[in-house]
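The model shown is predicted, which means the values in this text are computed figures rather than measured ones.
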Amino acid sequence: MLERLGGDMFLKILYYSNIAMKSKYSLPKDGGLCPEVALHDIVHRYEKIPTSIYKSEYDGVQYVADAIVKAVNEHGRSAKPFGLCLTTGRTPLGLYRELVERYGRGEVSFANVAVYSLDEFYPIGATERQSRNYRIHEDFLNHIDIKPENVHLPDGAVPIKDISRYCAEYDKMASPINLMIIGMGELGQIGFNEAGSYAKSRTRLVQLSYNSRQVQSEAFGGVKNTPAMAITMGMSTVARAERIILMAWGEDKADAVRRVVEGEVTDQIPASHLQGHPGVEIVVDENAAQLLTCEQTPWLVGQCNWTPKFIRKAVVWLCGVVNKPILKLTYDDYVENSLGDLLEAAGPYDQINIRVFNDLQHTITGWPGGKPNADDSTRPAPSTPFPKRVVIFSPHPDDDVISMGGTFHRLVQQGHDVHVAYETSGNVAVYDDVVLQNIDTARELGYGDRFDEIEKIIAGKRAGEPEPRVLLDLKGAIRRAEARAACRTLGLNDRTNAHFLNLPFYETGGIKKGELSQKDIDIIVKLLRDVQPHQIYLAGDLSDPHGTHRVCAEAVLAALEVVDNDAWVKECHIWLYRGAWQEWDLGMVDMAVPLSPDEMIKKRHAIYRHLSQKDIMPFPGADKREFWQRAEERTQNTARQYDSLGMAEYQAIEVFVKMR
C-alpha cells in the first residue's frame with residue numbers, strides 16, 4: 001500500500017492513522033445479550049433516538065462514511081449542490097481521514113457538494129490556527145475537490161455591529177441541508193448550543209460558559225486567551241436538516257449519550273431536542289454506549305449469555321440496587337430486579353452468591369507479580385517465573401505513579417526487574433514560570449545564567465502557536481527529572497530502568513498532536529525486545545480515541561503485533577490500569593492490589609515529585625483537585641466498594657483488567 005501512496009505525505013499520514021484506528025483497542029466482551037434472541041424492537045425499546053453501537057470508532061466511521069458517500073453519489077450532478085453540514089473537533093477526525101482516503105481512491109467526488117459548518121469562535125480570523133474555519137480546512141476541505149464557492153463557514157471576523165444581520169443571513173443560507181454530521185459535547189451540547197438552549201433557537205452569537213472556555217483553552221494557551229463568544233447554528237436550524245447523524249466516541253461521552261438517547265427532552269441537554277426529528281440517528285462506539293440500558297444492564301432488556309464475569313457484573317449491580325453485600329442477597333432480590341433469567345441459567349441464588357463472592361475474593365492479591373512457591377490456581381498472576389521482568393508504560397511522565405504507584409512500589413520491593421517507559425515528554429504541560437524558576441535555581445547553584453535569554457523567548461511566544469523548541473526541550477528536561485525523582489522514591493534505579501521514549505507523534509509543540517507513525521512503533525518494539533517482559537502495564541483509557549492516552553495504547557498494541565512471534569511473548573501478560581479520573585467497574589476487575597496506609601503515603605510522595613504538575617495543573621479539567629487527591633479518593637473508594645460487597649476492609653485498592 002505504501003508504494004501506491006508514493007510520495008504523498010498526507011496520504012502516508014492517513015495510512016498510519018487509519019491502521020491505528022482500525023486496531024483501536026477495546027476490552028474483551030464477556031457475556032451480554034444473546035444476539036440470536038435479541039430482537040431489534042426489544043433491544044432498542046428504551047431508545048428515543050435510533051442508536052447504532054459499534055465495537056470501535058473505526059467501525060462507526062465506516063458506517064457514517066458509507067452514508068455520506070452513498071448520499072453524495074445518489075445526488076450526482078443535480079443542479080443544486082448536495083447540502084452537507086459538518087462539525088470540527090476531535091469527534092469527526094477519523095471520519096474526515098476516511099472520506100479523504102475514499103476520495104483519493106475515486107469512490108466519491110465533492111465537486112457538487114456545498115459544505116456548511118456548525119459554529120465558529122468570535123471574534124477570530126479564519127486563518128488563525130484555533131479557528132473552526134482553519135481546522136475544517138486543515139483536516140478535510142484542503143484535501144478534496146470541493147469548489148471554494150461551495151464552502152459556507154461562519155465568519156468569526158464580522159464586525160460586532162453587523163453580527164445580528166450576518167447570523168440571520170447565514171441561517172437562511174443554511175437550507176436545505178440534506179445531511180448533517182455532528183458530534184456533541186460531554187454535557188449534550190450541539191455546536192455552541194449550551195445548557196439552556198431552547199428548541200426554536202436560530203443561528204446567533206452566544207456567550208460561552210466558563211466551562212466551555214476552559215475545555216477550549218488548551219488550544220488558546222489558557223482561558224484568558226479563549227474567546228468569550230461564538231457563532232452557532234441554533235437547534236431549530238439544526239432540526240431543518242433532512243437527515244442528521246450524531247456521532248460520539250469514548251466513555252467521556254457516555255453520560256451525555258444516555259441522557260440524549262433515553263432521557264427526557266430538556267433545554268439543559270440541547271441534543272435531547274433531536275428526539276422529535278424524523279431523520280435523526282446516533283452512531284456510537286461501545287465505550288460511549290456503556291451507560292445505555294442495553295449495555296449497562298442488558299438483563300433488563302432480554303435474554304443474556306451468562307458467563308462467569310458477566311454474572312459477577314450483574315451481582316455487583318444488584319448489590320448496589322438493594323444495598324446488600326453479596327452473601328446476603330436473597331431469591332426475591334434477584335427476581336424483583338429482573339434477574340430471574342440468571343437464576344434459571346446459573347442458579348440457585350445462594351450458589352451464585354458463593355461463586356461470585358469467591359470469584360471477587362480471588363482478584364485480591366498482595367503479589368501483583370505472582371507469589372513464589374505458592375499455589376497460583378486462584379491467583380491473578382502466575383507464581384513463575386520469579387522474579388519477572390516488568391514494563392510499566394506511562395503515557396505522560398506521571399501516569400505511572402498516579403495510577404498504579406502502590407503496585408509499582410510493591411513490584412520493586414518484591415524483587416522484580418521493573419522498567420518504566422515514559423512514552424511522551426509531557427513538555428506542553430509545564431508552565432513558563434516553572435521553567436524560569438528552574439533556570440533561576442540553576443543560576444543560584446552556579447551552573448550558568450540563562451534566565452534573561454529564556455525570559456525573552458517566553459515573552460516572544462504567540463498564543464496558540466507551537467512553542468519554541470528550546471523552551472520545549474527545557475520543559476521536557478524538567479519532567480524527566482521529576483519522573484526520575486519519583487522512580488527513586490519507589491526504589492527503582494532511575495539510571496538503568498527509567499526509559500524516556502519521547503514518541504515523535506507528541507512532539508508538535510502544541511496541543512494538537514501528530515499522527516501515530518512507524519517511528520513511534522519502532523521505538524516501542526526496540527524496548528520490548530530489549531526487556532522481553534513477562535508483564536506489561538498499560539493505561540487503559542476508553543475516552544477520546546484521539547487523546548494521548550489512547551494513541552499511546554495503540555502504539556504499544558501495534559508494537560506487540562510486530563513482536564507477536566517472539567518466543568518471550570507467549571509468557572507475557574498485559575494488565576490495564578486507569579488514569580486519575582476513572583476506575584474500572586468491579587465487574588471487570590481481574591486483579592486488585594490492596595495498599596497499606598504506609599504505601600499510600602509512599603505513593604503520595606512519588607506523586608509529589610512531579611512539582612510542575614502540583615498545586616495548579618495547566619490542563620486540570622473540571623476536577624480542580626490535585627492528582628494525589630484524585631488518586632487517593634479513587635483507590636479508597638474502590639476499597640469501600642470491596643468492603644460493601646463483603647470483602648475485607650482495606651485502606652485503598654488499585655485494580656487492573658487483564659487484556660491477555
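Residues Phe140 and Phe110 bring their aromatic ring centres within 6.0 Å. Ring centroids of Phe121 and Phe220 are separated by less than 6.0 Å, placing the two rings close together.
Between His549 and His396, the ring-plane angle classifies as tilted under the 30° and 60° cut-offs.
Glu251 has a carboxylate O that lies under 4.0 Å from a charged side-chain N of Arg578, or vice versa, which qualifies the two as a salt bridge. Ion pairing between a basic and an acidic side chain is recognised when a charged N comes within 4.0 Å of a carboxylate O; Arg240 and Asp171 show such pairing. Comment: Glu101 does not engage Arg97 in a salt bridge, judged by the lack of any side-chain N to carboxylate O separation of less than 4.0 angstrom. Note on Lys461 versus Glu467: salt bridge recorded, some NZ/NE/NH1/NH2 to OD/OE distance being below 4.0 Å.
For the residue pair Glu194 and Ser209, a side-chain donor N or O sits within less than 3.5 Å of a side-chain acceptor on the partner. In summary, the side chains of Asn427 and Glu507 do present a donor paired with an acceptor at a separation below 3.5 Å, with no hydrogens or angles considered. For the 3.5 Å distance criterion, the side chains of Glu98 and Gln62 qualify, holding a donor opposite an acceptor. Ser56 and Asp285 are not linked by any side-chain donor-acceptor pair at a separation below 3.5 angstrom, with hydrogens and angles left out of the test. With 3.5 Å as the limit, one finds a donor-acceptor pair spanning the side chains of Arg132 and Thr88. Judged purely by distance below 3.5 Å, without hydrogens or angles, the side chains of Asp399 and Tyr422 never pair a donor atom with an acceptor atom. No side-chain donor-acceptor contact under 3.5 Å links Glu281 and Ser52. Counting only N and O atoms by type, the side chains of Asn193 and Gln189 include no donor and acceptor under 3.5 Å apart.
In this structure, the side chains of Leu179 and Ile244 stay at 4.5 Å or more apart for every pair of heavy atoms. By the 4.5 Å heavy-atom criterion applied to side chains, Val260 and His273 are not counted as neighbours.
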Note to self: Assess the residue pair Arg102 and Asp66 against the criterion (salt bridge (charged side-chain N to carboxylate O under 4.0 Å, His left out)); give the C-alpha distance rounded to whole Å, side-chain angles, the decisive distance to 0.1 Å, and a yes or no.
What the structure shows: CA-CA 10 Å; Arg102 293 191 184 198; Asp66 287 344; 2.6 Å; yes
